2 protein chains.
Amino acid sequence: MSPDLVDPSVVEMCSALGDETRWSILAALGEGDASASALARRLPVTRQAIAKHLAVLHDVGLVETVQVGREVRYRVVGSGLSATARRLDAIGVAWDRRLASIKQIAENL
Amino acid sequence: MSPDLVDPSVVEMCSALGDETRWSILAALGEGDASASALARRLPVTRQAIAKHLAVLHDVGLVETVQVGREVRYRVVGSGLSATARRLDAIGVAWDRRLASIKQIAENL
DNA sequence: CTCTTCTGCAACCACACAGTTGCATCGTCG
DNA sequence: CGACGATGCAACTGTGTGGTTGCAGAAGAG
């Protein structure tokens, strides 16, 4: 259930999260919605660089945009993270369970 | 407790997981431990490329090595994934909770 | 002992991408 | 209206890195 409108692959999501600057942006957004220009004032990178990162984050559904007058505010979407987290955990658990069963088989030889 | 010998940062972990080939390797390893050469026979990439990927995965603790005679078998460590998953989920939940509280404040104006 | 095969190291190529500068546009405030 | 600040698009640079080939050393298999 909950068909997950857009369902970016786990690797796309991880790829998006595999960048230091992107985390800085997410952290900054965590303290309140902000526009690309506003973020550029707080972070040591250009507005255009931030815009690109925001595009990436938006593509995988980690942020959403809110039009406020002439500026475009960005808001972090935590549920995107949680969804990926659940998927990762499921995979990890499955692997470990498999490993455990193999170990048991080996012990039962 | 369980001091987590190496504690790769979330971004390092995500960076390691942000690669298609690496997931192929993990998937292949999921069906049983294997050496770099063995993996190279199953995947459409060179042994050296696989070796590099395995090094990355090993650095973040997603795989562990097992010496078997002269060859080096690799085994996937699911708990590494689960740990990162928990961290991601915690962050996501915190962000969403913050967002919810802000929304509530706005409604109470 | 010899041949095979598994490993490791190093150099090299090529593409992806983070980051920059520059320009053009458009809304908004004075 | 004019100026400032926000956005968007495009081109360029440079570094990181996924991938390759090549070679040399060790350890089993025959």
Side-chain angles (χ1 to χ4, degrees), chain A residues 8-29 31-77 84, chain B residues 6 8-29 31-76 84:
Chain A
S9 72
V10 178
V11 10
E12 281 170 3
M13 184 68 89
C14 288
S15 180
L17 290 175
D19 183 280
E20 206 79 55
T21 308
R22 234 116 62 188
W23 278 94
S24 306
I25 294 179
L26 288 177
L29 283 182
E31 302 179 7
D33 307 352
S35 67
S37 301
L39 289 171
R41 267 178 250 120
R42 272 204 277 168
L43 297 179
V45 282
T46 324
R47 173 184 65 87
Q48 284 81 347
I50 293 191
K52 288 188 193 177
H53 286 302
L54 285 173
V56 174
L57 292 173
H58 187 261
D59 279 350
V60 297
L62 277 176
V63 301
E64 57 186 15
T65 64
V66 184
Q67 274 283 352
V68 178
R70 70 168 158 166
E71 69 180 30
V72 184
R73 291 251 174 79
Y74 288 84
R75 160 171 307 161
V76 72
V77 180
T84 333
Chain B
V6 281
S9 71
V10 178
V11 11
E12 281 169 2
M13 184 67 90
C14 288
S15 180
L17 290 175
D19 182 280
E20 206 79 54
T21 309
R22 233 116 62 188
W23 278 94
S24 306
I25 294 179
L26 288 176
L29 283 183
E31 302 179 7
D33 307 352
S35 67
S37 301
L39 288 171
R41 266 178 250 120
R42 272 204 276 169
L43 298 179
V45 281
T46 324
R47 172 183 66 86
Q48 285 81 344
I50 293 190
K52 287 188 193 177
H53 286 303
L54 285 173
V56 174
L57 293 173
H58 187 260
D59 279 349
V60 296
L62 277 176
V63 301
E64 57 186 15
T65 64
V66 184
Q67 274 284 353
V68 178
R70 71 167 158 169
E71 70 180 30
V72 184
R73 292 252 173 81
Y74 288 85
R75 159 171 308 159
V76 74
T84 327

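In the text below, chain A, chain B and the rest are named by the order of the sequence lines, each starting its count at 1. Fair warning: this is a prediction, and the values are worked out from it, not measured in the lab.
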Got a list of side-chain donor-acceptor pairs under 3.5 Å for residues 47-54 of chain B, not counting sequence neighbours?
| unit_1 | atom_1 | unit_2 | atom_2 | d |
| --- | --- | --- | --- | --- |
| His53(B) | ND1 | Arg22(B) | NH1 | 3.0 |

Non-hydrogen side-chain atoms of Val10(B) and Trp23(A) separated by less than 4.5 Å
yes

Looking at DNA chain C, which of residues 65-75 of chain A put a heavy atom within less than 4.0 Å of it?
Gly69(A), Arg70(A)

Measure the spacing between CG of Leu62(A) and CE of Met13(A) and express it to the nearest 0.5 Å.
4.5 Å

Partners meeting side-chain hydrogen bond (donor to acceptor under 3.5 Å, both in side chains) with Glu71(B) (sequence neighbours left out)
Arg73(B)

Taking side-chain hydrogen bond (donor to acceptor under 3.5 Å, both in side chains) as the definition, give me every residue that meets it alongside Arg70(B), ordered by chain and number, with sequence neighbours left out.
none

Can you check each nucleotide of nucleotides 12-24 of chain C against protein heavy atoms at under 4.0 Å and return B for base, S for sugar-phosphate only, - for none, in 5' to 3' order?
------SBBBB--

Opening and closing nucleotides of DNA chain D in contact with chain B, under 4.0 Å to non-hydrogen atoms:
dG18(D) to dG28(D)

Who passes side-chain hydrogen bond (donor to acceptor under 3.5 Å, both in side chains) against Asp19(A), sequence neighbours left out?
none

Tightest non-hydrogen contact, residues Gln67(A) and Val72(A), listed as NE2-CG2, 3.5 Å

Partners of Val76(A) by side-chain contact (heavy atoms from CB on, under 4.5 Å), sequence neighbours excluded?
Leu26(A), Leu29(A), Trp95(B)

Just to verify, what does Glu64(B) make a side-chain contact (heavy atoms from CB on, under 4.5 Å) with, not counting sequence neighbours?
Arg75(B), Val77(B)

Quick note, salt bridge (charged side-chain N to carboxylate O under 4.0 Å, His left out) partners involving residues 36-45 of chain A, not counting sequence neighbours, are Glu31(A)-Arg42(A)

